[in-house]
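In what follows, every chain begins at residue 1, and chains take the letters A, B, ... in the order their sequences are listed.
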2 protein chains.
Amino acid sequence: MMAAKRSGAGSKRARAAPQPAQEVPGEPPLSRDRIVATALELLDAQGLDGLTMRRLADRLGSGAMSLYWHVDNKEEVFDLALDSVLEYRGPPQMVESQDWRADVVHMLEDWRASMLRHPWSASLLPRRAFGPNILGRLELLSKTLSRAGVADADLNVAIWSLWNYVMGATITRGNFDLSDDDRAAAQQRLASERYPTIERSRLLLDDDWDGAFRKGLDFLLDGLAPDRNFGCKIG
Amino acid sequence: MMAAKRSGAGSKRARAAPQPAQEVPGEPPLSRDRIVATALELLDAQGLDGLTMRRLADRLGSGAMSLYWHVDNKEEVFDLALDSVLEYRGPPQMVESQDWRADVVHMLEDWRASMLRHPWSASLLPRRAFGPNILGRLELLSKTLSRAGVADADLNVAIWSLWNYVMGATITRGNFDLSDDDRAAAQQRLASERYPTIERSRLLLDDDWDGAFRKGLDFLLDGLAPDRNFGCKIG
DNA sequence: ACCTGAACACCGTTCAAGT
DNA sequence: ACCTGAACACCGTTCAAGT
């Protein structure tokens, strides 16, 4: 939690030369990186609606319009914030891995976890042009599946199926934030009306998100895998 | 249609004297149903950002604040619009169906198609309390899976996996609206940078959305199905 | 090169008031 | 019961101007 609240008008008056470049730690000069970092803070703290150009500038100790020198518009702030969330800090090379399936699971769980660390991010991804970091993740995923033996003709279907599943799971989990009261009320509604099956299974009370994600992913991979040698009850 | 939470809307029409100058076919009195119908029009025409309380009132020929008599706030307009999109007009009973798998596929494709007819709707669903129509769809899905033999303990995982897949697919498809120029530019970027695998498979140019949806769904169902007797290359 | 305030054209919603 | 305009506290962004 770096506060960086404006500490009086000092920084503005302290200039003596045309380029102050002062070392006042409270107010470094504006920059793309600083804007993105502060946007992340704001988004994490206040959610999607909490990000406002004016509030962002405020937090940076600058006038609202100063941002527009570094950034085209608010859309670009979202693009940059999202891309920064999606940076992959995985093993630099997983060339020699024997267990491609474990690699895929790890990549997808890391992707999901990265987005869940910033719950606003997943909803942002589908409607945005693909940034470098998500493309990097898709490339790595694609390469791994290809090495595992997925035919070129099936690659896109495999990638999009996994994409769909991960995005659906993450967007849902990131937005499904019921209080205990909400949950009780929802379950109550199920009971009082005509939803006997999902009432009995307590669908809306289930909260083993991680476990459910993993299990569904396994089903999907069972289907996608070229050499599936399990998951069959009848041969 | 819309589940009317409040008392009947019929009372309005029954009134005769107090308000002059209606019966003009252009301007029937304001009502919840009329508000929702017009909101749908506006959303279809202008997208999510196009829906504005002021514009909505304008289209209805009323003052902006008149809406607030019939509706709590903008959120509720979204709730109602979304629920109306999700209404299920399926076979009233599918009690005797022999082919549960075909039933499930049909239900999910109908769900997806209903949302794609209103491309703004899918993104709205995850962050909203469950309305009656989506709950009805989940109940029907759940009942079908249960009848097909999915154990109670596995039911929630099955439902959520299908939910994740359908939502991810639909949100992505509804938002991925590249022009031909965009597609060319994207593919160009893939080629010029370091994404050889997805460049080769032309991931971003693939547009057999319906086919890919169906194939991935089949993989998932292969995994979820209790009596999977196919999808195995090695016994 | 970098930053600024004033201004424009919007928002959602509260409120007191009209019929 | 139903509708209204004025007003409040916001938005994103353009523009001409400052350093």
Inset, instruction - Looking only at non-hydrogen atoms, find the nearest pair between L138(B) and I198(A) and report the distance. - result: O-CG2, 3.9 Å
Legend entry - Test: R137(A) and E87(A) ion pair at under 4.0 Å: no
Legend entry - Salt-bridge present (E139(A), R194(B); N to O < 4.0 Å): no
Between [N] ([atom2]) and [X] ([atom1]): distance, integer Å:
X: R34(B); N: dC2(D); atom1: CZ; atom2: P; value: 14 Å
X: L56(B); N: dT13(C); atom1: CG; atom2: P; value: 12 Å
X: W69(A); N: dA17(D); atom1: CH2; atom2: P; value: 17 Å
X: D72(B); N: dG12(C); atom1: CG; atom2: C1'; value: 14 Å
X: Q46(B); N: dC10(C); atom1: CD; atom2: C1'; value: 15 Å
X: D58(A); N: dC11(D); atom1: CG; atom2: P; value: 10 Å
X: L67(B); N: dT13(C); atom1: CG; atom2: C1'; value: 12 Å
X: E75(B); N: dC11(C); atom1: CD; atom2: C1'; value: 15 Å

Presence of [X] side-chain N/O under 4.0 Å of [N] phosphate oxygens OP1/OP2:
X: S62(A); N: dC3(C); value: no
X: R55(B); N: dC11(C); value: yes
X: H70(A); N: dA1(C); value: no
X: R54(A); N: dT13(D); value: no

Legend entry - Check: D103(B)/T144(B) side-chain N/O donor and acceptor closer than 3.5 Å: no
Inset, instruction - For M53(A), answer base if it contacts any base atom (sugar-phosphate contacts may also be present), sugar-phosphate if it contacts only those atoms, and nothing otherwise; contact means non-hydrogen atoms under 4.0 Å. - result: sugar-phosphate
Inset, instruction - Have a look at S66(A) and say if it touches a base, only the backbone sugar-phosphate, or nothing, with a 4.0 Å heavy-atom cut-off. - result: base
Inset, instruction - Could you please name the partner base of dC8(D), counting Watson-Crick and G-U wobble pairs only when both distances are under 3.5 Å? - result: dG12(C)
Inset, instruction - Look through every strand shown and name the nucleotide pairing with dG18(D) as Watson-Crick or G-U wobble, where both distances are under 3.5 Å. - result: dC2(C)
Where the side chain of [X] is concerned, which of [options] is the nearest nucleotide?
X: Y68(B); options: dC2(C), dG12(C), dT13(D); answer: dG12(C)
X: L30(B); options: dC3(C), dC3(D), dT13(C); answer: dC3(D)
X: M65(A); options: dT13(D), dC3(D), dC3(C); answer: dT13(D)

Inset, instruction - Evaluate the ring planes of W160(A) and W209(B), with Trp represented by its six-membered ring, and classify them as parallel (under 30°), tilted (30 to 60°) or perpendicular (over 60°). - result: tilted
Inset, instruction - Tell me which of S31(A) and L51(B) sits closer to the 5' end of DNA chain C, going by the nucleotide each one is nearest to. - result: S31(A)
